[in-house]
Amino acid sequence: MISIPLESGLLLAGILFALGVVGLLVRRNVVFVLMSLEIMLNAAGLAFIVAGARWGQPDGQVMFIFILTMAAAEVAVGLALILQIYHRFKTLDSDAASKMRG
Amino acid sequence: MTVIFYIAAGVAVVSTVMVITRLNAVHALLYLVVSLLSVAVIFFTLGAPFVSALEVIIYAGAIMVLFIFVVMMLNLGEEAAAEESKLLTGGMWIGPGILALILVGEFIWILTADAGQAIPGTVIPPQAVGISLFSTYLLGVELAAMLLIAGIVGAYHLGHRKHKSTHRFLQEGGSE
């Protein structure tokens with residue numbers, strides 16, 4: 001039985017993660033930064049699934065469910081923060097919120 | 001049939017590149033949905049059908065709908081109306097449409113192929129995932145529940161539109 005090689009799955013996860021990092025570094029719009037975070041979380045989950053499929057154990061899928069939960073919570077808080085930033089600065093540029101006021 | 005995996009991987013990489021290079025947030029979201037769907041196909045070929053369904057329902061469904069709600073909330077007004085007319089008539093549906101059609105073709109291929117031939121390797125059934133989730137990782141489930149409650153409370157607190165702040169420091173620079 002031919003199965004999908006571990007290397008190509010992990011390579012795909014690495015490529016997707018690298019694309020997420022590039023998007024996170026390049027884009028200034030906060031919405032795109034959050035989308036890049038989603039891409040990176042998804043790539044990490046893909047790596048877990050690939051490893052779990054390699055060993056034939058359900059642990060990889062369990063970890064993916066935890067990542068899914070964390071992504072949902074993170075997105076809820078992140079989008080609420082985006083709304084607050086937009087109401088306060090009237091822009092979505094992340095450089096506008098770079099100063100702290102203590 | 002490892003070729004399904006490689007086609008879906010190509011679709012995932014192409015659509016993710018399109019996500020991080022789009023200028024319009026809604027266009028990027030369309031490509032992101034396609035990217036997540038192709039990753040769901042990859043999960044299916046890796047023998048994880050339960051997680052594949054979760055990826056479609058929760059990631060490509062719920063989380064993307066949250067994103068779209070917020071993007072729609074952010075740009076209201078004339079610009080958004082002009083943007084929407086462009087969105088409805090423009091040719092930007094072609095790119096995500098073609099990528100999604102590739103995934104639909106793969107779906108039909110998997111359905112029509114013989115059982116066991118479409119998915120190489122071993123399939124981990126949802127029962128095994130559930131048993132492992134609620135026995136070995138029970139502590140993790142409870143921690144995830146606490147995380148979700150924290151997320152709900154945090155999102156409510158941050159999303160709540162506060163009344164005008166009367167604090168002098170916040171009044172000076174905060175409203176501009």
Side-chain angles (χ1 to χ4, degrees), chain A residues 1-5 8-9 11-12 15-16 19-20 22-24 26-27 29 31-32 34-36 38-39 42-43 45-46 49-50 52-54 56-66 68-84 86-90 92 101, chain B residues 2 5-6 9 12-13 16-17 19-20 22 25 28-29 32 35-36 39 42-43 45-48 50-51 54-55 58-59 62-63 66-67 69-71 73-74 120-122 124 128-129 131-133 136-137 140 143-144 147-148 150-152 154-159 161 169 173-176:
Chain A
M1 190 174 268
I2 318 151
S3 68
I4 291 155
S8 45
L11 184 67
L12 175 66
I15 289 172
L16 289 182
L19 285 173
V22 168
L24 185 71
V26 169
R27 302 308 296 259
N29 191 324
V31 177
F32 281 91
L34 206 57
M35 275 190 230
S36 303
E38 286 302 307
I39 293 170
N42 200 33
L46 177 62
I49 296 290
V50 169
R54 167 68 180 82
Q57 295 294 321
D59 302 283
Q61 301 191 30
V62 171
M63 289 312 289
F64 182 82
I65 293 172
F66 288 151
L68 202 65
T69 313
M70 199 203 66
E74 174 250 336
V75 140
V77 175
L79 289 174
L81 274 174
I82 285 177
L83 285 179
Q84 281 291 327
Y86 187 72
H87 285 312
R88 190 157 297 186
F89 300 105
K90 298 293 173 223
L92 285 176
R101 190 175 292 130
Chain B
T2 51
F5 171 81
Y6 288 111
V13 170
T16 309
V17 168
V19 169
I20 64 173
R22 291 306 92 184
L29 277 171
L32 188 52
S35 169
L36 294 173
V39 172
I42 289 168
F43 287 164
T45 62
L46 284 170
F50 177 57
V51 162
L54 278 185
E55 171 99 4
I58 298 180
Y59 249 121
I63 295 181
L66 263 183
F67 263 106
F69 273 161
V70 168
V71 169
M73 273 173 79
L74 285 182
T122 55
I124 301 167
V129 180
I131 289 169
S132 177
L133 184 65
T136 316
Y137 292 97
L143 286 174
L147 178 70
L148 280 178
I152 289 171
Y156 176 74
H157 176 71
L158 288 170
R161 190 81 64 86
F169 291 137
S175 60
E176 57 187 34

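Below, read A as the first sequence line, B as the second, and so on, with proteins coming before strands; counting in each chain starts at 1.
Atoms OG1 and CE, on B/T16 and A/M35 in that order, are 12.0 Å from each other to the nearest 0.5 Å.
Only the side chain of B/I42 comes within contact range of chain A, with heavy atoms under 4.5 Å apart. Of the two parts of A/L19, the backbone and the side chain both hold a non-hydrogen atom closer than 4.5 Å to a non-hydrogen atom of chain B. Heavy-atom distances place no part of A/E74 under 4.5 Å from chain B, backbone and side chain included. For chain B, the nearby parts of A/V50 are the backbone and the side chain; heavy atoms of each come within less than 4.5 Å. Contact of B/L147 with chain A is made through backbone and side chain together, with heavy-atom distances under 4.5 Å. For B/I58, the part lying under 4.5 angstrom from a heavy atom of chain A is the side chain only. Looking at B/V19, the atoms closer than 4.5 Å to chain A (heavy atoms on both sides) sit in the backbone and in the side chain alike.
Across A/P58 and B/S132, no two heavy atoms sit closer than the pair CG-CB, 3.9 Å. Between B/E55 and A/N42, the closest heavy-atom pair is OE2-OD1, 3.1 Å. Residues A/R27 and B/R22 come closest through the heavy atom pair NH1-O, 2.7 Å. Contact between B/A144 and A/T69 at its shortest, heavy atoms only, is CB-CG2, 3.8 Å.
When each of A/I15, A/I49, A/L16, A/V77 is checked for heavy-atom pairs under 4.5 Å with chain B, A/I49 comes out on top. Between chain A and the options B/L29, B/I152, B/T136, the largest number of non-hydrogen pairs under 4.5 Å is found for B/L29. If you tally non-hydrogen atom pairs under 4.5 Å between each of B/A12, B/A25, B/G154 and chain A, the highest count goes to B/A25. By number of non-hydrogen pairs under 4.5 angstrom with chain A, the leading residue of B/L148, B/L54, B/I20 is B/I20. Note: A/L34 leads A/L24, A/I82, A/L34, A/L11 in heavy-atom pairs under 4.5 Å with chain B. Comparing A/A71, A/S8, A/A53 by heavy-atom pairs within less than 4.5 Å of chain B, the highest count is held by A/S8. Residue with the most contacts toward chain A among B/S35, B/G151, B/A62, B/G140: B/G140 (heavy-atom pairs, distance under 4.5 Å).
You'll find the side chain of A/L79 reaches within 4.5 Å of the side chain of B/L66, heavy atoms only. In this structure the side chain of B/L158 never reaches within 4.5 angstrom of the side chain of A/L83, judged on heavy atoms. Residues B/L143 and A/F66 are not in side-chain contact: their nearest non-hydrogen atoms beyond the backbone lie 4.5 Å or more apart. A heavy-atom distance below 4.5 Å is found between the side chains of B/Y59 and A/L68. Residues B/I124 and A/Q57 have side chains not in contact (no heavy-atom distance under 4.5 Å, counting atoms from C-beta outward). Side chains of B/Y137 and A/I65 form no contact here, defined as non-hydrogen atoms less than 4.5 Å apart.
Side chain of A/Q61 to main chain of B/V129: no donor-acceptor pair is present (N/O by atom type, distance under 3.5 Å, no hydrogens or angles).
Applying the ring-ring contact (aromatic ring centres under 6.0 Å, His included) rule to B/Y156 yields the partners B/H160; only residues at least two apart in sequence or on another chain are considered. For B/F67, there are no ring-ring contact (aromatic ring centres under 6.0 Å, His included) partners, not counting sequence neighbours.
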